[in-house]
Amino acid sequence: MTTLTHLDILEAEGIHIIREAVAELERPVLLFSGGKDSVVMLHLAAKAFWPGRLPFPLLHVDTGHNFPEVLAYRDAVVERLGLRLVVARVQDYIDDGRLLERTDGTRNPLQTQPLLDAIADHRFDAVFGGGRRDEEKARAKERVVSLRDEFGQWDPRNQRPELWNLYNPRHRPGEHVRVFPLSNWTELDVWHYIAREQIDLPGLYYAHDRDVFLRDGMWLAVSEVSPPRPTERVETRRVRYRTVGDMSCTGAVESEASSVEDVLIEVAATRVTERGATRADDRITEAAMEDRKKEGYF
Amino acid sequence: MSASPPRSLVRLATAGSVDDGKSTLVGRLLHDSKSVLTDQLDAVERVSRERGLGHVDLALLTDGLRAEREQGITIDVAYRYFATATRTFILADCPGHVQYTRNTVTGSSTADVLVLLVDARKGGLEQTRRHLAVAALLRVPQVIVAINKIDLVDYDEQRYLAVAGELAGIAADLGLGSLVTLPVSALVGDNIVERSTRTPWYDGPSLLELLENLEVASVEEGFRFGVQLTLRPQSAALDPRHDEYRGYGGIVASGRVRVGDKIVVLPEGVHSRIAGIDLAGASLEESVAGQSVSLRLTDEVDLARGALISSVADAPTPTQDVDAMVCWLAERPLRTSARVLLKHSTRTVQGVVRELRGRLDLDAMAPVATDTLELNDIGRIRLRLAAPILAEDYTTSRTGGAFLLIDPQTGQTLAAGMVRGHQAFGDSFDDSQSWSI
């Protein structure tokens with residue numbers, strides 16, 4: 001007799017959501033950053049359409065501050081699966097003056113406009129995102145299929161009720177839906193699944209030696225886009241990343257976890273959320289994520 | 001610390017009236033099961049301090065939107081996750097304030113168990129009764145009533161028994177099968193995770209123990225599989241050996257299926273057998289409810305999204321007339337003759353509301369005549385559809401009887417619907433007794 005584990009159930013739910021959006025909408029796209037959540041989401045999408053290719057392209061919003069090894073990983077995946085990749089570049093917007101570099105140097109909040117423009121230019125109507133409800137309080141209120149108006153805005157006070165497993169992705173011209181197949185996954189579920197499915201990740205998720213410096217209680221990598229200030233001392237530490245965002249605002253954690261099994265033990269024992277530990281962009285205010293999401297952020 | 005995944009997944013909904021302490025209970029469950037991490041707790045402690053509260057307000061863990069924190073209320077369903085050594089829980093936290101029916105219907109629709117909070121000082125309020133009615137209507141398999149703030153009635157057994165007795169009466173009226181009650185204090189933590197020494201007269205399990213030991217075995221039902229899409233890669237196959245592959249992608253809604261089983265494809269009524277069950281390259285001998293797979297058939301059947309693959313003996317009959325209970329979820333009221341889209345399983349068809357048979361008065365649990373259904377009303381309607389659906393009675397199959405009504409112009413979700421069984425248009429309905437639930 002077949003019994004399903006909770007990972008089997010989460011996997012099946014994710015595949016069901018992806019197939020449902022593709023069946024009901026015209027022009028889907030999957031947001032792919034090379035981060036672990038988008039990698040797992042892509043893995044589910046590949047399963048959903050086996051033995052065929054994905055019937056939609058990937059979209060990456062490149063801030064220009066990405067880790068080079070993550071970009072290399074992204075390109076290798078696209079090559080291996082025979083996919084089409086659309087890249088929206090924050091740098092292009094800064095170069096021609098549509099966006100201004102922020103005084104704090106972070107580009108994470110600047111991603112929204114290139115994202116929304118890419119959605120409009122390509123007339124994407126379903127945008128798959130790897131967001132999870134356990135990540136953050138505003139995300140806990142997010143629907144699996146979530147409507148965005150013609151300005152890409154999320155209206156958290158006026159969301160469609162979501163009943164049973166009957167999703168409603170209908171929308172008017174100019175609007176689109178964001179679809180979150182990993183809504184019900186936790187960070188630990190993602191790692192258990194990566195272990196079970198033996199999914200290949202960018203190497204920086206595992207312990208490695210890196211030149212880092214301490215800023216606001218986080219270990220930041222030394223790079224062109226995140227140079228240490230004269231008062232900040234650079235040292236080589238054994239670190240890994242729990243999330244992968246911009247080099248300028250994503251902190252590393254000290255870790256000896258060099259395999260997926262080690263990471264599982266570490267994540268199960270941790271007492272700090274992944275965003276709290278490693279993302280400067282979420283620390284700005286109590287409602288930082290809610291504000292960005294309302295404007296059309298991932 | 002174990003690194004192996006817990007065994008099973010339980011979907012849980014929490015509901016309660018205003019100020020029953022539900023957010024505190026959820027915060028307590030997360031906190032005491034160690035699902036809250038230190039940075040989240042630090043933030044809650046800091047905000048509690050800034051507001052001059054004498055205690056750490058665990059409700060702040062769950063109120064995620066700015067408006068919620070500013071107004072000190074919970075507006076929308078929030079989803080929370082916690083796990084114990086044996087189980088993973090998905091918790092839908094349904095606020096009791098604004099739009100409680102809409103929220104409770106949403107949370108209850110997927111719930112294996114509803115945990116309802118009642119204030120020990122106040123007993124079963126009007127809203128408690130309504131929450132229980134919604135649970136009965138949505139067929140939530142198990143209901144646990146946590147009689148909260150037991151510390152504020154000095155852990156008085158008599159008071160607990162009085163409230164528990166009152167609730168048992170309501171549950172019996174509603175025909176709710178299993179109702180478990182227990183005394184708790186979410187604020188102090190009595191009987192939430194650990195059994196409390198302050199309620200020596202209660203010898204039952206704590207709330208978390210109850211949840212961990214809950215039977216979530218699914219009822220044996222007929223095999224149903226709504227086809228989401230056809231998988232025919234042809235030249236887009238990753239491997240040329242699969243050029244000729246033809247399968248049907250979907251999720252097993254109920255029952256189980258094995259290779260070789262006889263099936264019928266509906267609404268066409270074409271018979272065939274299962275030739276293979278694929279899960280992304282892995283061949284399965286059997287597939288069960290909740291699995292997303294691809295089915296291959298022994299015959300070339302012309303079928304597309306919206307078809308239902310079903311076991312033969314108990315297959316549903318296609319129908320264009322639906323008698324249903326609906327919970328109205330839109331600001332714009334429902335009137336007779338309204339044109340709607342109906343989504344059932346993977347089929348979406350046009351329909352018209354032919355008759356509005358009445359509204360359910362949740363206090364009297366009796367039907368009331370009405371011309372409109374307003375936001376949060378529950379009523380009974382008759383629909384005529386432009387094409388058949390493969391609906392089943394919701395009381396015997398939650399997946400086979402559930403549907404959405406959608407506004408064809410705006411795309412808005414208008415109603416949650418539950419099929420009451422279907423009959424040919426013009427047949428008389430059984431009006432002899434309360435059709436309430």
Legend entry - Contact leader toward chain B among A:E11, A:E142, A:E162, A:E175, where contacts are heavy-atom pairs under 4.5 Å: A:E162
Inset, instruction - Would you mind telling me which of A:R170, A:R172, A:R160 has the largest number of heavy-atom pairs within less than 4.5 Å of chain B? - result: A:R160
Inset, instruction - Check each atom of B:D243 against the heavy atoms of chain A and say whether the ones under 4.5 Å are side chain, backbone, both or neither. - result: neither
Legend entry - When A:H171, A:K47, A:R133, A:R53 are compared by non-hydrogen pairs under 4.5 Å with chain B, the top option: A:R133
Legend entry - Heavy-atom proximity to chain A below 4.5 Å, by part of B:V293: backbone
Legend entry - Part of B:L284 within contact of chain A (heavy atom distance under 4.5 Å): neither
Legend entry - A:R19 side chain to A:A48 backbone, donor-acceptor under 3.5 Å: yes
Legend entry - chain A contact via B:L404 - which portion, at a heavy-atom distance below 4.5 Å: both
Inset, instruction - Would you mind checking which part of B:Q409 comes under 4.5 Å of any heavy atom in chain A, side chain (CB onward), backbone (N, CA, C, O), both or neither? - result: backbone
Inset, instruction - Would you mind reporting whether A:W154 and A:Q159 have side-chain heavy atoms less than 4.5 Å apart? - result: yes
Legend entry - Heavy-atom pair count under 4.5 Å with chain A, highest-scoring of B:S287, B:G290, B:A402: B:A402
Inset, instruction - Evaluate salt bridge (Lys or Arg N to Asp or Glu O under 4.0 Å) for B:D93 paired with B:R80, printing each intermediate quantity in order. - result: CA-CA 7 Å; B:D93 185 11; B:R80 302 286 157 190; 5.7 Å; no
Inset, instruction - Could you tell me which of A:A12, A:P51, A:G82 has the largest number of non-hydrogen atom pairs under 4.5 Å with chain B? - result: A:P51
Legend entry - chain A contacts, top residue of B:H344, B:R398, B:Q291, B:R241 (heavy-atom pairs, under 4.5 Å): B:Q291
Inset, instruction - Name the option with the most non-hydrogen atom pairs under 4.5 Å to chain A; the candidates are B:S108, B:A253, B:S109, B:A111. - result: B:S109
Legend entry - Residue among A:R123, A:R27, A:E150, A:R148 satisfying side chain to side chain contact (heavy atoms under 4.5 Å, CB included) with A:H176: A:R148
Inset, instruction - Among the options B:P233, B:A280, B:S345, pick out the one with the most heavy-atom pairs lying under 4.5 Å from chain A. - result: B:A280
Inset, instruction - Verify the ring-centre separation between B:F225 and B:Y248: is it less than 6.0 angstrom? - result: no
Legend entry - Exceeds 12 heavy-atom contacts within 6.0 angstrom, atom CZ of A:R196: yes
Inset, instruction - For chain A, find which of B:V105, B:L279, B:T106 contributes the most heavy-atom pairs closer than 4.5 angstrom. - result: B:T106
Legend entry - A:R242 vs A:E187, salt bridge (Lys or Arg N to Asp or Glu O under 4.0 Å): CA-CA, chis, key distance, verdict: CA-CA 9 Å; A:R242 280 177 75 183; A:E187 182 188 15; 2.8 Å; yes
Legend entry - Exercise: identify the closest heavy-atom pair between B:V77 and B:A92: CG1-CB, 4.1 Å
Legend entry - Structural part of B:T399 lying under 4.5 Å from a heavy atom of chain A: neither
Legend entry - Reference residue A:W185; test ring-ring contact (aromatic ring centres under 6.0 Å, His included); the match among A:W191, A:Y193, A:F180: A:Y193
Inset, instruction - Would you check if B:R258 and B:E285 make a side-chain contact, meaning some heavy-atom pair closer than 4.5 Å? - result: yes
Inset, instruction - Please state whether the side chain, the backbone, both or neither of B:R11 comes within less than 4.5 Å of a heavy atom of chain A. - result: side chain
Legend entry - Interchain contact, B:Y245 with chain A, by part (heavy-atom threshold 4.5 Å): side chain
Legend entry - Aromatic ring pairing A:W50/B:H242, orientation class (parallel under 30°, perpendicular over 60°, tilted between): perpendicular
Legend entry - Interchain contact, A:L188 with chain B, by part (heavy-atom threshold 4.5 Å): neither
